[in-house]
Amino acid sequence: MAENKHFIHEIIDEELKEGGRCYGKKVHTRFPPEPNGYLHIGHAKALEIDFGTAELYGGLCNLRMDDTNPTKEDEEYVEAIKEDIKWLGHDWGDRFFYASEYFEQMYGFAVELIEKGLAYVCELTPEQMKEMRGDINTPAQSPFRDRPIEESLDLFKRMRAGEFEDGSMTLRAKIDLASGNFNMRDPVIYRINRLPHHRLGTTWCIYPMYDFAHPIEDALEGITHSLCSLEFENHRPLYDWVVNNISVETKPRQIEFARLGITHTVLSKRKLRNLVETGLVSGWDDPRMPTLCGLRRRGYTPNSIREFHARNGVSKVNAVVDFAFLEYCLREDLNKTANRAMAVINPVKLVIDNYPEDMTEEFEVENNPEDPNGGTRTVSFSRELWIDKEDFMEEPAKKYFRLYPGNEVRLKSAYVIKCVGCDKDENGNVTCVHATYDTESRGGNTADGRKIKATIHWVDQKTALDAEIRLYDRLFTVEAPDLADVNYLDFVNPDSLTVVQGAKVEASLANCKPEDRFQFLRVGYFCADNKDFTPDHLVFNRAVSLKDSYKPE
RNA sequence: UGGGGUGUAGCCAAGGGGUAAGGCACGGGUCUUUGACUCCCGCAUUCGUAGGUUCAAAUCCUGCCACCCCAGCCA
């Protein structure tokens with residue numbers, strides 16, 4: 001948790017003091033997704049703020065599906081949303097709700113407004129209403145504004161009864177047709193729509209609008225703080241108008257914060273959906289997607305995502321955070337928690353010329369040097385090994401200190417070896433590296449105490465397993481593919497996925513399960529794919545590479 | 001020319017009259033059986049801008065500029 005309280009918590013602190021709006025009350029928030037898509041890292045920010053605020057103050061946070069528009073919502077998203085929230089580690093207890101549970105009460109409040117002369121049935125069609133909306137200098141108009149209360153009451157009842165066509169009538173709040181804030185120009189609060197609702201079917205043919213429904217949902221649930229994103233600031237006067245003009249005891253307060261942006265990706269539902277539908281990614285859970293299910297499949301931990309948001313803070317500035325910062329948070333978490341393993345992604349054969357052909361030894365290797373209780377595992381060693389192509393150079397570049405003829409390196413946890421040459425094919429490609437080992441260096445330490453600069457990873461050919469490795473990189477080549485004046489699809493990174501077949505991994509990896517995460521030593525953090533990994537077909541996704549400060553000159 | 005917001009380093013972000021926290025990125029060094037990690041050092045004479053008030057201004061006042069949101073019977 002960040003040491004400095006952000007502005008929302010400062011406000012709450014004030015309200016909790018004696019005489020404050022919430023003195024003696026329990027802080028109660030809510031997370032209200034619309035079930036029409038998958039949750040992404042931006043939603044996770046709201047999740048952290050909503051659930052995190054409740055946790056911080058010893059309060060509660062409700063999970064509520066905001067399903068007031070049957071044309072967009074679907075039950076299929078509900079379970080996925082719950083699953084993602086649970087995965088992140090948040091608990092809504094028994095407080096799971098649907099906005100649609102309150103439709104009857106909302107209807108009652110609408111009637112109350114009509115009776116008070118604060119709402120009226122308007123017969124303008126959408127087109128007419130648009131024409132009569134007015135502009136900055138001209139007030140809106142509605143010829144039905146002064147309709148008698150009884151008449152509105154009757155018409156509203158008949159709207160509910162299904163007597164009128166979709167779109168032919170609305171219920172409007174009577175507020176201010178000349179307001180500079182267009183949300184206050186007699187906003188529509190009910191519309192007619194005969195599409196079946198995902199839960200209630202055809203029970204209703206009229207549905208409340210967000211601006212009317214949301215404050216009621218909050219008030220009915222006893223929400224003290226309704227935290228939402230900046231674009232709803234303009235709606236706050238209407239939110240307050242609703243809670244102040246209907247008969248509810250609790251008056252929740254809406255506070256807005258800036259939503260999250262991240263470089264090298266897009267976060268709008270429309271654009272994400274487009275990536276899926278055009279096949280540029282394999283689905284909503286493609287490991288390149290910023291969706292929670294995508295990040296999960298990629299290898300991100302709930303902890304790293306929560307830490308990312310906690311460290312970013314909360315403000316009202318439209319922020320675009322470096323993708324590198326998300327990666328940093330992941331590395332930081334996985335460095336402490338992920339077991340190490342050896343995997344050779346681009347293998348080349350290494351032969352220890354002076355090692356007996358039929359001999360095999362076993363070495364103990366620590367699972368995680370960062371974790372004293374991490375334990376050890378056993379790896380086998382024999383004359384022929386796999387090492388990474390990048391760890392050998394026949395003619396070393398400046399400052400290169402791995403394997404090259406005449407140079408010594410340490411094979412992690414095994415022996416110190418000295419390169420004696422290599423074999424090449426007719427095209428000059430290295431096919432095999434030759435070395436001799438120091439028989440006095442078992443475990444990796446030299447008998448005479450001489451320092452060995454480089455340590456490289458390796459896998460025994462006798463026990464190595466084949467694996468498919470999916471190397472992921474950022475989805476877009478530019479920082480801001482989301483800018484209004486560019487077509488984001490033009491900047492999809494053609495190299496965002498590289499599939500490597502025939503990588504060689506240590507035998508212990510046969511026992512791992514989908515979603516197990518590892519640091520492949522000196523390479524990066526990898527995660528067993530949660531869809532395609534099987535014991536017979538090992539598939540690992542690269543979550544993030546290790547930092548690499550080696551810069552060839 | 002309306003209403004609502006926001007401007008502190010390349011990116012986040014504290015600080016709200018007493019002389020610019022912290023993190024990421026970046027550069028250098030240290031350590032190292034991972035060129036990772038750790039640790040250390042460096043990185044805003046200045047807070048969108050111009051004035052004003054004050055012994056003292058990122059903080060208070062005034063003007064200006066830039067950017068974001070708003071004219072769905074979407075949320």
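Letters A, B, ... are given to chains in the order of the sequence lines, protein chains preceding strands, and every chain is numbered from 1.
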Q: Does R236(A) qualify as a cation-pi partner of Y239(A), given the criterion of NZ or CZ under 6.0 Å from the six-membered ring centre and within 45 degrees of its axis?
A: no
Q: Kindly indicate whether the side chain of H6(A) and the base of rA14(B) share any N or O donor-acceptor pair separated by less than 3.5 Å?
A: no
Q: Does R410(A) place a side-chain N or O at less than 4.0 Å from the phosphate oxygens OP1/OP2 of rU32(B)?
A: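 No, R410(A) has no side-chain N/O under 4.0 Å of OP1/OP2 on rU32(B).
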Q: Under 4.0 Å from OP1 or OP2 of rA36(B): is there any side-chain N or O of S549(A) that close?
A: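 Answer yes for this pair, as a side-chain N or O of S549(A) is under 4.0 Å from OP1 or OP2.
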Q: Quick one: look up who rG2(B) pairs with, Watson-Crick or G-U, both distances under 3.5 Å, and put none if it's unpaired.
A: rC70(B)
Q: Under 4.0 Å, heavy atoms only, any strand: does T68(A) hit a base, just the sugar-phosphate, or nothing?
A: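 Sugar-phosphate, backbone atoms only, no base.
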Q: Just the rounded figure in Å: distance from P of rC73(B) to NZ of K72(A).
A: 13 Å
Q: For E10(A), which contact category applies under a 4.0 Å heavy-atom criterion: base, sugar-phosphate, or nothing?
A: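 It contacts sugar-phosphate atoms only.
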Q: Using a 4.0 Å heavy-atom cut-off across all strands, classify K412(A) as base, sugar-phosphate, or nothing.
A: base
Q: So does E307(A) pair up with R311(A), basic N to acidic O under 4.0 Å?
A: yes
Q: Identify whether any heavy atom of H235(A) sits under 4.0 Å from a base atom; if not, whether one sits that close to sugar-phosphate; answer base, sugar-phosphate or nothing.
A: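 If one applies the 4.0 Å heavy-atom cut-off, H235(A) turns out to touch a base.
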Q: Give the rounded distance in Å between these two atoms: CH2 of W241(A) and C1' of rG4(B).
A: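 Atom CH2 in W241(A) sits about 20 Å away from atom C1' in rG4(B).
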Q: Heavy atoms only, 4.0 Å cut-off, all strands: where does L124(A) land among base, sugar-phosphate and nothing?
A: base
Q: Determine, for R199(A) against E101(A), whether the closest basic-nitrogen to carboxylate-oxygen distance falls under 4.0 angstrom.
A: no
Q: Would one find a side-chain N or O of R191(A) under 4.0 angstrom from OP1 or OP2 of rC74(B)?
A: yes
